[in-house]
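To start, the structure itself, in structure tokens.
Computed from a predicted model, the values in this text were never measured in an experiment. Whatever order the structure lists ligands and atoms in, that order sets their numbers, starting from 1.
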Amino acid sequence: MAQTTQPDYDAFRREVRAFAETHCPSEIRAKVAANGKLGRREWSTWQKILHAHGWGAPSWPVEHGGMGWDLRQRHIFDEVMAECDCPPQYHHGLRHLGPVLIEFGTPEQKARFLPGILSGEDWWCQGYSEPGAGSDLASLRTAAVLDGDAYVVNGQKTWTSHAQEADWMYTLVRTSKEGKKQEGITMLLIPLSSPGITIRPIRTIDGWHHVNEVFLDAVRVPVENRIGDENKGWTYGKFLLERERLGGANIAPAFKALERTRALVLSELSAPQERMKRDLLLHRLLGLEAELLGARQMGQAAIDDVMSNRPLGLTSSLLKLGTSALMQQISEVALDAVGERLASRFRRADTANATVPDIEWVQNYMYQRARTVYGGSSEVQKNVIARQLFGS
Ligand SMILES: Cc1cc2nc3c(=O)[nH]c(=O)nc-3n(C[C@H](O)[C@H](O)[C@H](O)COP(=O)(O)OP(=O)(O)OC[C@H]3O[C@@H](n4cnc5c(N)ncnc54)[C@H](O)[C@@H]3O)c2cc1C
């Protein structure tokens, strides 16, 4: 229900915590706590539980199934979920495409796509990046040519997270080479079961399969799957990314990672002869904790700014830049704690005895390398900050 007076945030926090602790399946929480990589099965299970409780889409308007929570409540919800080791909601449908459909979709598109996103039945992935079009996304070349009542799409997408388990891909394609490159881009919704689509896994250094190449060979996409106007896709794509600008304000996952790493250091290096190494690692964690506290303050201030209609300025870029680096550094401390022991096992080809949590610390360290690349690389964030500070 939409609110007119300021909500009781403490009571709300308690309500969310009670729900998370009671309703999030323990095996999913255990996997999150152990740095496990989640797939559609776990995310979809959790989304269905949230949806059944009426909490399926915290950020959507009430008329489309949202709860009418204000920004601080949405932030508390995300924070408590992380504190309770519940998975973040799968973002591609709910946080990315859903708001675009609500803002720019036709009534038919809303009726067709929003319910499946809300209930967790339909799974989406994002087909933006291409070889040669990542940070410079507007250089994308995958081409769509209108042929009767369908676009014929040819090209290649890459780094497409979860394409292997998704039903649909929202994508940006080139429909014109005239004018500025941002002006010839269109957003299409493509069923991944369409003839002409090939999905190939990209194996990353963490050993997990989460990104893919998606090849499109004369794929026919009905015109009714186009969002908004032809050649206006850049506007919708940017709207989608800007909605996520405060994603970095939720520092709770980083605090959880820090807590887990501190427990690891204490248990891993408990022998008296390891005391110096243990204390050095704990000292590093203290420094990181201080930085996280600063980032949390910045995140809270940013929420206040948005709720009071004040401009955000540099904050979202600073948060993305800072929290990506902090998550990497926390994972480095964990690797320094377990690395030596694991390396000696690998040297003895004794990998069968390396327990799964051990391996997951290493995988997590590897995975964290991607943080400073996806969602706007650190170098690109620095450019944004420099432009705001000094002008372009
Ligand atoms: C784990 C993971 C998941 C991803 N998931 C998706 C997804 O689901 N869908 C999707 O569409 N994409 C996805 N991506 C792609 C991601 O958005 C791109 O990797 C990112 O935009 C960077 O593009 P690039 O890889 O082409 O690198 P490039 O843009 O070529 O950058 C290479 C290097 O150059 C630097 N650089 C680039 N431009 C500048 C500049 N102007 N000034 C200074 N330095 C610069 C970059 O910071 C980087 O270090 C994912 C990537 C990863 C790693």
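In terms of protein heavy-atom proximity, atom 39 (C) of ligand 1 is closest to Val380 CG2, 4.3 Å. Here the heavy atom of the protein found nearest to atom 45 (C) of ligand 1 is Glu379 CB, 4.1 Å.
For ligand 1, one of its N or O atoms has an N or O atom of Gln126 under 3.5 Å away. Checked against a 3.5 angstrom limit, the closest N/O atoms of Tyr367 and ligand 1 fall outside it. Ligand 1 has no N or O atom lying under 3.5 Å from any N or O atom of His210, backbone or side chain.
Each of Tyr90, Trp123, Trp168 was evaluated against His162; a single residue qualifies, Tyr90, per the ring-ring contact (aromatic ring centres under 6.0 Å, His included) test.
Inside a 4.0 Å radius of atom 29 (O) of ligand 1 there is at least one protein heavy atom. Protein heavy atoms are found inside the 4.0 Å sphere centred on atom 20 (C) of ligand 1.
Under 4.0 angstrom from ligand 1, the non-hydrogen atoms of Asn383 all belong to its side chain. Only the side chain of Val211 comes within 4.0 Å of ligand 1, counting heavy atoms alone; its backbone N, CA, C and O stay farther away.
Side-chain rings of Trp43 and His92 stay apart, their centers remaining 6.0 Å or farther from each other.
Between the side chains of Asn212 and Thr160, no donor-acceptor pair is found at a separation under 3.5 Å.
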